[in-house]
Structures are given as C-alpha cells and as structure tokens.
Amino acid sequence: MPTVPVSVSASNVSASKVKADILVVAKTHNGAVLAELDKTVVKELTGALDAIDFAGKAGSSVRVAAPKGVSAKSVAVIGVGEVEKLEDDLEKLRQHVGSFTRGLDAEVSVAFALPTPTAEVAAAITLGAVLGAYRYNDYVSEKKKTASEITVITAKKFKDAVEEARIIASGVTGARDLVNQPPLDLYPETFANRVSELSKGRKVKATVYDAKYLEENGYGGLHGVGRGSARGPRLVKLEYSPKKAEKHLALVGKGITFDSGGLSLKPAQSMEEMKSDMGGAAAAAHTLFAVADLGLNVKVTAWLCLAENMPDGNAQRPSDVVTILGGKTVEITNTDAEGRLVLADGLVSAQKDNPDLVIDIATLTGAQIVALGKRTTGVMGTEAARDNVCEAAHAAGEQMWPMPFPEEIRDQFRSATADLKNSGTREGGMLAAGIFLKEFIEEGTEWAHIDIAGPSFTTSPWGYTPEGGTGVPVRTLIEVARGLSK
Ligand code: BES
Ligand code: MN
Ligand code: ZN
C-alpha cells in the first residue's frame, strides 16, 4: 500500500502551541506573512525572511528555525504568489500547498497555520497537502518518505470541511494507486478482485461478470478486445444506492489494464505509459467509493470495462466484425482503437437502468493530447451534460474544456461490411472517438464523454501531482454527484 499521511485532521488549538515538526505559514510575493500567529511572532518571522531574501514567489518555500513563542520545531513558509487573499484562487492555493508536501523527504508531522477564513480555504489546504504528500511505494526497496501527520489548524465549525476534503483526497489517491500498479499484477481479474474488496465495509455492491459470461451474453466489444490476452476480460458493476436517492448517475470507465495496440501493435515508445489505460475505470470506481464515504444522497453505478489489449494467436484481427451488446456490428479496422469497443458494451449496459446522467471516462485518444495538451481534459456529449461536467470541473479545480461534435465526422465510420467501423481518419481524432461512442447512446439519454488520455498520467511532477497516475477526474465526478444529490 502506498504511503499517504497516516493521520489527517483538523484542530482548533492555537498555532503557536501546536507540537509539530513543521508549522506551515504563507507569504505573498513581496508581501505579507499570512499566519494565525501573534503580531510579534509574525514580525520576527518577517525579519528572518527578509534577512535571507525570501520573497514568497509562487511555488517556492523555505524552512527556518521556530521563532520564540512557537512550540513547533520549525516553521516552513510557502510562497503563494501575487494574491491578496488566499480565498481568491483556491486551486492555486491547493497547488502551492501540494508543492510543499510533495517536496518533503522525511516522516514529519506538519501543521498548517495559514488563515482559513472560509470552509473552502480549510478544505483546499487539506486537499493540496494530502495529494502532494502521496508516494507510490509498493515496488521500491527504499520507501520514499512523506508527512506522517497532517493537521489543519482551523475553526471548529470547519472540521467537517476538512474531513470531506480528506475523503475526496482518498478518492484521488485510490485512483492513482490503481494506475501506478504494473500491469503484470493489475489485470482484469485482479482489478475486479481489488474493487470487490474495496466495496466491503462500504454500502457498495459489486458484481463481476467474467470472460465466459461476456462471451456468451453478447458483450462483443469486451470479448473481442480481451481475446488476445491470456488473461480474460471482466465487466464490473458497482452500485451505491442510498434509499432516499432521487437521482441516478452512471459512470462507465475504460479499463484497459495494458494497451499494446493488439495486432495493430503500437511502437515501443507509445507503449511505455499504457499501464495507465485503465485510468477511467480507476476514477469511476474511486469516485463511487468516495461518494459512498461522503454519504451523498444520490445513486451511483460504476461500470468498469476491463480488458488487456494483447496481440496473441487468438487476438481479433483488422477486418473482423464484432457485435456490441444490443446488436450493432462493428468492423475492426484498427485493433488499437479498442477503448471505444469496450466502452460501447459498457454504455449499452449502463443505459438499461435508465440513469438520469451517463458519464464515460476514458484514456481514449492520443488526439486529445494533440488538441489540449497533457493537463486539460476534453469533454463532449449532449450539450447540457457536457457543460454540467465542465462547470463541476471548474468548481473542483480540475482543467477541462468543452469540445464539439461536428456532424460531418460521422461519415468516416461508414463500413462496407458492418454497421460501422472502429477507426477513421486522423483529423479531429478526439471528437471522432466521441462520435463513435455516440452511436451507442439512446435518444434522450443525458451523456458526457470525458477524454483523459493526457491528464490521467504524468512524467513531470508539478503542484500536488507527483509522477505517475494523477487521479484525474475523480474530483470533478464527485462534484457532479454532489450536484445531483439532495
Ligand atoms: N489508449 C490509447 C490512447 C492514448 C494515447 C492514451 C496516448 C494515453 C496516451 C488508445 O487506445 C489508442 O490507441 N487510440 C488510438 C486511436 C486510433 C487508432 C484511432 C490513437 O489515439 O492513436
Ligand atoms: Mn489503443
Ligand atoms: Zn487504449
């Protein structure tokens, strides 16, 4: 299991009296020290910072000996840039706090003594701190060290906000754990076992459909993609269904535990990060767990479409035709366009329950990265659902952007032998993949498609995001669920 702080809590003890290894305060760029400390202590601290020319540039930090009157062993000052008030940009605050905890390399107790005028500020500090303190340690002989204890000093009335932020952060780090695990050990069966295990002790029901069931019951997308692997596909249905819920959110996650491309084999370099091709399923599962832990009054179902895309003797071939659940046929022209095939089965399954909103989450296209870069997620779908997701992302602090569905793109999926084919031209590849999925959305279904190909994984750490799985877009999805809850 990964190393995340063993304890995360709120406290209303006075900042000067808290016994921690590090007491954290902030400083605006060329401006004031922001701390819940007495004037005299702040003055002494300001003098010490001036002496070492610490300006408080965004993302910087410095550690000094604790001034007189402070019980903590040391004080860390983090630069928060040119802001007047911390609450003016909560996402920047999360990033600055997370940069600091990401840089920690010892098992230390850390207490945050930044001013927290609102619940949102207390929550932002908590979230940034926990996400930045995440380390993935399962496969290293020397554990990367991190904070052992995080305390957010704030008013008693904000205790719940801190606890909620902790739960949301656990959702994000849970998704990161799954993405980071090597595909040797995380494959459809073990993924299904893992989420079944995680469902226990929560009000969550897990149902696993195995390879034989999928083959015999018409899940041609999952069966076709999974047949090239020695380790068969799975479909997992997770249900969180509070009695009084009025709305139902269905999440459908792409869970390709490794994407070699299949017979349309990827070049070596493109394969390097393909353990992360299950980031959508990881996010769907951990969103549902977090919503259950938060006790939100909304029904959530998560469909995890799990398969390993491999090129063995039994693999599907370009020009094969498969039948998706519900009867539509697809000619396989490129076995590397596999995500849309497993999602098609998942989307059809999800709609059978008549949910109020369907959202699929997928590391679907390299074209997403070309269009929007590594950090901005592309969102498509019916207009209202798409905009709802983008607004939730904005509120949660994740970068997303709405994308269109130009009608003319549909033509490229015309097939001579089947209802449609699975890959077309390169232009507008992200939109094309979305339009393919749209073929499996019934008239009247509110639906959003989230392409996280770039944002789900990073090789260059920044802010509260260490290398590896990022846990995007768990926070947005929790926010969408919150919007549907009552
Ligand atoms: N899993 C990939 C998309 C991807 C690329 C995710 C880079 C993360 C980083 C997906 O299955 C894929 O291979 N898509 C193809 C589609 C094409 C064959 C139509 C692509 O984007 O090249
Ligand atoms: Mn692929
Ligand atoms: Zn893929």
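Order of listing sets the numbers, starting from 1, for every ligand and every atom in it.
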Would a 4.5 Å heavy-atom cut-off, applied to side chains only, mark [X] and [Y] as touching?
{"X": "L437", "Y": "L364", "value": "yes"}
{"X": "V348", "Y": "Y219", "value": "no"}
{"X": "Q316", "Y": "L341", "value": "yes"}
{"X": "Y187", "Y": "T190", "value": "yes"}

Worksheet entry | Ion pair check, R94 and E91, cut-off under 4.0 Å | yes

Worksheet item: Is it true that R194 and E197 have a side-chain N and a carboxylate O under 4.0 angstrom from each other?
Response: no

Worksheet item: With the Mn ion (ligand 2) as the point of reference, which N/O/S atom of E338 is the closest?
Response: OE1

Worksheet item: How about atom 13 (O) of ligand 1: does it have a protein heavy atom within less than 4.0 Å?
Response: yes

Fill in: Aromatic ring pairing F440/F436, orientation class (parallel under 30°, perpendicular over 60°, tilted between)
tilted

Worksheet item: For the residue pair Y213 and Y209, does the interplanar ring angle fall in the parallel (under 30°), tilted (30 to 60°) or perpendicular (over 60°) class?
Response: tilted

Can you check which of [options] brings a heavy atom nearest to [atom]?
{"atom": "atom 6 (C) of ligand 1", "options": "S456, A453, G454", "result": "A453"}
{"atom": "atom 19 (C) of ligand 1", "options": "K254, R426, R340", "result": "R340"}
{"atom": "atom 20 (C) of ligand 1", "options": "G366, S423, A362, A433", "result": "G366"}

Worksheet item: So, D277 and the Mn ion (ligand 2): N/O/S under 2.8 Å, yes or no?
Response: no

[X] and ligand 1 - part of the residue with a heavy-atom distance under 4.0 Å:
{"X": "D336", "value": "both"}
{"X": "I369", "value": "side chain"}
{"X": "E273", "value": "neither"}

Nearest to the Zn ion (ligand 3), which N, O or S atom of [X] do we find?
{"X": "D277", "value": "OD2"}
{"X": "D259", "value": "OD2"}
{"X": "E338", "value": "OE2"}

Worksheet entry | D259, any N or O under 3.5 Å of ligand 1 N or O | yes

Fill in: N, O or S from L364 under 2.8 Å to the Zn ion (ligand 3)
no

Worksheet entry | R234 charged N/C atom sitting above F191 aromatic ring, 6.0 Å / 45° | no

Worksheet item: Can you give the angle D259 OD2 - the Mn ion (ligand 2) - D336 O, rounded to 10°?
Response: 170°

Worksheet item: Of K254, R227, K266, which meets salt bridge (charged side-chain N to carboxylate O under 4.0 Å, His left out) against E338?
Response: K254

